[in-house]
Amino acid sequence: GIERFLQIMDADIDIFDEPDAVEMGTPEGEITFKDVSFEYPDDHNIVFTNLNLSIHKGENLAIVGPSGGGKTTLCNVIRGFIPKFYQGDLEGQVLINGRDIAQVELGSLATEVGFVFQNPFTQISGIANTVYEELAFGLENMGVEPDVIRRRVEDVLRLTKTEAFRDRNPYQLSGGQQQRIALAAILIMEQDIMVIDEPTSQLDPQSTDDVFEVIKLMKDMGRTIVLVEHKMEQIARYSDHIIVLDQGRVVLEGTPREVITNPDCAKYHTRLPQCTNIGLGLKKRGVDLGELPITTDEAVGQICTYMGR
């Protein structure tokens, strides 16, 4: 739980003013990369070269592409871990809500950017005996009033449908349940931006769906989501925007439909949704469903329409 501990303890700020629990005003959440280049020390591994990217307030941006393409490094830049925690040569400007992160203390940035790791074990504090205490941990360290903490914990348990876990030890939960608690622990902190790095890589299909329901909740609450993920079925369903990152370059960008149906998408080792592959396979056999489906609902609808002709 060292990453979780560092995240909370680094947020050296005053007690925040408390609006109504969970129901925040319109959050900020703009992220801009301007001619950003980054190179790790020693190995001279250039990850980005003149990267330009805009992520808009309230947007769910999915980052996909081959391993080693720079996805996690990009997340670490947004989090402020690069270059303040992971050393390297960072050039250009990265703006969070209009502020250059090079001029912002890491603790201050932690109040604006929340993050969820690939492995939920690294997200759990390790000092809380129950899920309830785990969710309260960050707020307690930031000096929030006890009555406010209790209200916000109850609200987040209800919203994320994790009430049944409230008295369970976090380490006695399944991987999928732990990941939902990790997401809830970030949601309760009310940051404007959520950076989520491969949250379902170790989860079964049902747990994956449960995690994406929490991500959808974050989006519905107006949070800006930056999501690294390989499960294209969920990306097609939940994301507003996709970028394909390869060798530190944005090689494809657009809506889920624009990217997934682009013939070049598979060239960059990006797996297509199964329903899209079915549509392509049928088309090769002379069964034209029209527009390629990118979600299961679309595929079922198109096949039913075709069969009813």
Side-chain angles (χ1 to χ4, degrees), residues 1-17 24 27-42 45 47-48 51 53-55 57 61 63 70-128 134-144 182-199 218 223-228 248:
I2 186 64
E3 291 91 349
R4 169 84 167 136
F5 179 76
L6 288 173
Q7 176 197 4
I8 299 300
M9 297 308 293
D10 207 16
D12 183 18
I13 62 170
D14 295 330
I15 299 172
F16 32 15
D17 296 333
M24 298 291 91
E28 297 299 321
E30 296 283 343
I31 306 169
T32 305
F33 282 64
K34 294 183 177 181
D35 296 321
V36 174
S37 298
F38 178 71
E39 178 180 351
Y40 283 109
D42 302 328
N45 177 19
V47 184
F48 305 129
L51 178 66
L53 178 65
S54 293
I55 305 171
K57 177 174 63 178
L61 171 73
I63 305 173
K71 301 184 295 296
T72 295
T73 299
L74 188 148
C75 290
N76 284 332
V77 172
I78 296 173
R79 294 165 178 161
F81 284 5
I82 290 176
K84 296 179 180 179
F85 188 73
Y86 300 113
Q87 297 300 308
D89 184 15
L90 180 66
E91 298 179 357
Q93 275 192 313
V94 181
L95 305 178
I96 303 292
N97 296 330
R99 298 193 299 164
D100 190 335
I101 64 168
Q103 310 301 322
V104 180
E105 291 296 325
L106 193 58
S108 177
L109 192 62
T111 68
E112 301 177 62
V113 182
F115 49 88
V116 176
F117 294 92
Q118 178 177 346
N119 187 343
F121 285 101
T122 64
Q123 191 86 13
I124 292 171
S125 66
I127 63 173
E134 180 71 25
L135 296 181
F137 176 71
L139 300 178
E140 290 171 345
N141 278 279
M142 298 179 77
V144 178
L183 287 164
I186 295 303
L187 181 62
I188 203 170
M189 302 300 290
E190 298 179 346
Q191 293 111 321
D192 304 322
I193 297 167
M194 307 293 183
V195 179
I196 306 172
D197 190 1
E198 296 193 44
M218 292 176 168
R223 303 296 188 261
T224 301
I225 310 293
V226 179
L227 172 69
V228 174

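Taking both residues in full, the closest heavy atoms of G29 and N97 are given as N-OD1, 2.7 Å, listed atom of the first, atom of the second, then distance. Considering every non-hydrogen atom in both G88 and P41, the closest pair reads CA-CD, 3.7 Å. P199 and V228 make their closest contact through CD-O, 3.7 Å (heavy atoms, listed as atom of the first residue, atom of the second, distance). Across every non-hydrogen atom of K57 and E30, the tightest pair is N-OE2, 3.1 Å. Of all non-hydrogen atoms in V195 and V113, the two that sit nearest each other are CG2-CG1, 3.7 Å. Annotation for I101 and I82: closest pair CD1-O, 4.3 Å, computed over non-hydrogen atoms.
Side chain of Q87 to main chain of P83: a donor-acceptor pair is present (N/O by atom type, distance under 3.5 Å, no hydrogens or angles). In this structure, T122 contributes its side chain and N119 its backbone to a donor-acceptor pair below 3.5 Å. Q191 places a side-chain N or O within 3.5 Å of a backbone atom of A110 that can act as its donor or acceptor partner. A donor-acceptor pair under 3.5 Å is formed between the side chain of Q123 and the backbone N or O of F117.
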For L51 and K34, what are the C-alpha separation, side-chain angles and deciding distance, and is it a side chain to side chain contact (heavy atoms under 4.5 Å, CB included)?
CA-CA 7 Å; L51 178 66; K34 294 183 177 181; over 6 Å; no

Given L187 and M218, is the side chain to side chain contact (heavy atoms under 4.5 Å, CB included) satisfied, shown in steps?
CA-CA 7 Å; L187 181 62; M218 292 176 168; 3.9 Å; yes

Worked check of side chain to side chain contact (heavy atoms under 4.5 Å, CB included) between I31 and I78
CA-CA 8 Å; I31 306 169; I78 296 173; 4.1 Å; yes

Applying side chain to side chain contact (heavy atoms under 4.5 Å, CB included), run through D192 and R223 and close with a yes or a no.
CA-CA 5 Å; D192 304 322; R223 303 296 188 261; 5.5 Å; no

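Inter-residue side-chain proximity for F115 and D197 is flagged as unmet; no heavy-atom pair is nearer than 4.5 Å. Proximity of M142 to T111: side-chain heavy atoms (C-beta onward) are separated by under 4.5 Å at one or more points. For the pair L53/T32, no side-chain contact is recorded, criterion being any heavy-atom separation below 4.5 Å from C-beta on. Within the 4.5 Å cutoff, the side chain of I196 has no heavy atoms near those of the V226 side chain. Residues L139 and M189 meet the side-chain proximity criterion, which asks for heavy atoms closer than 4.5 Å.
Checking Y40 against T73 by side-chain atom types alone, a donor-acceptor pair falls below 3.5 Å. Defined by atom type and a distance below 3.5 Å, a donor-acceptor pair is present between the side-chain atoms of S125 and E134.
With rounding to the nearest 0.5 angstrom, the CG atom of L74 is 6.5 Å from the CD1 atom of I55. Atom-to-atom distance recorded for Y86:OH and T72:OG1 is 9.5 Å, nearest 0.5 angstrom. Once rounded to the nearest 0.5 Å, the distance linking CZ of F38 with CZ of F48 reads 8.0 Å. Rounded to the nearest 0.5 Å, atoms CD (E112) and CD1 (I193) are 6.5 Å apart.
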